[in-house]
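I have placed the structure first, in the form of structure tokens, so that the comments after it can refer back to it.
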Number of protein chains: 2
Amino acid sequence: MPRWKPDAVERLQAAALELFGEQGFERTTVAEIAQRAGLTQRTFFNHFADKREVLFGLSSELQQEILREIAAGDDTLPPLDAVVRALGVAADRLFEDRRAAVTRRHAVLAANPELQERELSKNAVLTEAIATALNARGCDPETAFLAAGAAMVAQQVAFQKWTLPDEKRSLRDLLSDAVNSLRTTVSQTAGT
Amino acid sequence: MPRWKPDAVERLQAAALELFGEQGFERTTVAEIAQRAGLTQRTFFNHFADKREVLFGLSSELQQEILREIAAGDDTLPPLDAVVRALGVAADRLFEDRRAAVTRRHAVLAANPELQERELSKNAVLTEAIATALNARGCDPETAFLAAGAAMVAQQVAFQKWTLPDEKRSLRDLLSDAVNSLRTTVSQTAGT
DNA sequence: GTCTATATGCGGATAGAC
DNA sequence: GTCTATCCGCATATAGAC
């Protein structure tokens, strides 16, 4: 018999998402979240550096997954393809079966500038990390950053569509479409 | 004879940049900045919403300039070219003759996560604004966002180089190079 | 000045692992 | 029996609202 119920972190994340959805981020206290999860405020701060961080657990997993997939991928893939493949694998593993929760999280973020700032920071860090991973595969730093940034822009477009109510396609497919659109758009030039 | 010296905003910005460079952002108070500019703390907060904002005056001008140039540009230019042309014009008008000040500002930002967050927010807003401006020229929203995001990634690469000590080329030229690199990188695909 | 909420430091308790 | 991971309790610094 364990002294405590397992999965404290997961329970806190679920409770927070529920309460933020019901009452909004600002109007929800850490004490409430902990109570709903059957834990104390102190335990919340043992697991999360601050109140916002409870919404970004998936981001860390996503980053790890992406970096692993880039490192494990075919070395001969061009940089953008390498990133897009990794993003697709990560999306399949971490997002596809959690559409409801991810969409609710997205709605909470959309309603709160503080949380959007945190999201921007995480994305900037992720972009840099992807660039570093590409660089480790032999890509020069500038190309690596351009490929990472381009992939993240496509990912944003795909993710935005994926969270629309009636969207049925997988994030991977939407990302593939977005990358194709990006390739078309970037290729158009007055010079020709 | 004016009652006060002119250019209060400019003097505050210059004083802030000096002090942040000498002592760091955190260790500089608004009162010090105001004093060095020959003004009071009250005047500082009349012009800037908070301490960070004193470093982002140029960002607002830049955004206005870019949006104006996109709106005024040749309607037949492809979206990415339209943005890049506007960024180039804005860079020439606002950055080229202030390399020293802009570089010092960049160093201050690099040393402070709080300021980097603000910068990320400003860039996100700018990207959205550029997309909206493209959309107003008849570009569909998805293409507009992809072009805006791609241009901003190239701009980041160019700006980073432009602030290196021995870099002599203009930001416009560096941006042009970065966009060419981006086009090359994004075009590479395993599918061919 | 009080109240609320966020956030941190430090110590203590216990189930399970070794 | 000791060690470690996990969680709790208490005190407190800080900041904003009222």
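In the text below, chain A, chain B and the rest are named by the order of the sequence lines, each starting its count at 1. Everything quoted here is computed from the prediction, not taken from an experiment.
- Taking Arg36(A) as the reference, Ala15(A), Glu18(A), Leu19(A), Glu22(A) meet the side chain to side chain contact (heavy atoms under 4.5 Å, CB included) condition, with sequence neighbours excluded.
- Of the residues in residues 111-118 of chain B, not one comes within less than 4.0 Å of DNA chain D through any heavy atom.
- Remark: Phe44(A) pairs with Phe48(A) by the ring-ring contact (aromatic ring centres under 6.0 Å, His included) rule, at least two apart or across chains.
- Rounded to a whole Å, the CZ atom of Phe48(A) is 14 Å from the P atom of dT8(C).
- Residue Phe45(A) contributes atom CZ, which lies 18 Å from atom P of dT12(D) at whole-angstrom precision.
- Listed by chain and number, the residues in a ring-ring contact (aromatic ring centres under 6.0 Å, His included) with His47(A) amount to none (sequence neighbours excluded).
- A heavy-atom distance below 4.5 Å is found between the side chains of Glu142(B) and Ser181(A).
- In this view, Thr132(A) satisfies the side chain to side chain contact (heavy atoms under 4.5 Å, CB included) rule with no residue, not counting sequence neighbours.
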Output a table of nitrogen or oxygen pairs between the protein and nucleotides 5-9 of chain D separated by less than 3.5 Å.
from: dC7(D); atom 1: OP2; to: His47(A); atom 2: NE2; distance (Å): 2.8
from: dC8(D); atom 1: OP2; to: Thr40(A); atom 2: N; distance (Å): 3.2
from: dC8(D); atom 1: OP2; to: Thr40(A); atom 2: OG1; distance (Å): 3.2
from: dC8(D); atom 1: OP2; to: Thr43(A); atom 2: OG1; distance (Å): 2.2
from: dG9(D); atom 1: O6; to: Arg42(A); atom 2: NE; distance (Å): 3.2

Expected list for residues 143-151 of chain B: side-chain donor-acceptor pairs under 3.5 angstrom, two or more places apart:
from: Thr143(B); atom 1: OG1; to: Asp140(B); atom 2: OD1; distance (Å): 2.6
from: Thr143(B); atom 1: OG1; to: Asp140(B); atom 2: OD2; distance (Å): 3.4

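- Applying the side chain to side chain contact (heavy atoms under 4.5 Å, CB included) test to Asp7(A) and every residue at least two apart in sequence or in another chain returns Glu10(A).
- Atom pair Glu26(A):CD and dA15(D):P shows a separation of 17 Å (rounding to whole Å applied).
- Grouping Ile, Leu, Val, Met, Phe, Trp and Tyr by side-chain contacts under 4.5 Å, direct or through others, leaves Val125(A) on its own.
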For nucleotides 16-18 of chain D, give me every protein contact, N/O to N/O, under 3.5 Å, one pair per line with atom names.
none

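- Straight-line distance from the NZ atom of Lys51(A) to the C1' atom of dT8(C): 17 Å, rounded to whole Å.
- Applying the ring-ring contact (aromatic ring centres under 6.0 Å, His included) rule to Phe25(B) yields the partners Phe20(B); only residues at least two apart in sequence or on another chain are considered.
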Taking distance alone, no hydrogens or angles, what donor-acceptor pairs closer than 3.5 Å link side-chain atoms of residues 52-59 of chain B to residues at least two apart or in another chain?
from: Arg52(B); atom 1: NH2; to: Glu114(B); atom 2: OE2; distance (Å): 3.3
from: Glu53(B); atom 1: OE1; to: Arg118(B); atom 2: NH1; distance (Å): 2.3
from: Glu53(B); atom 1: OE2; to: Lys122(B); atom 2: NZ; distance (Å): 2.6

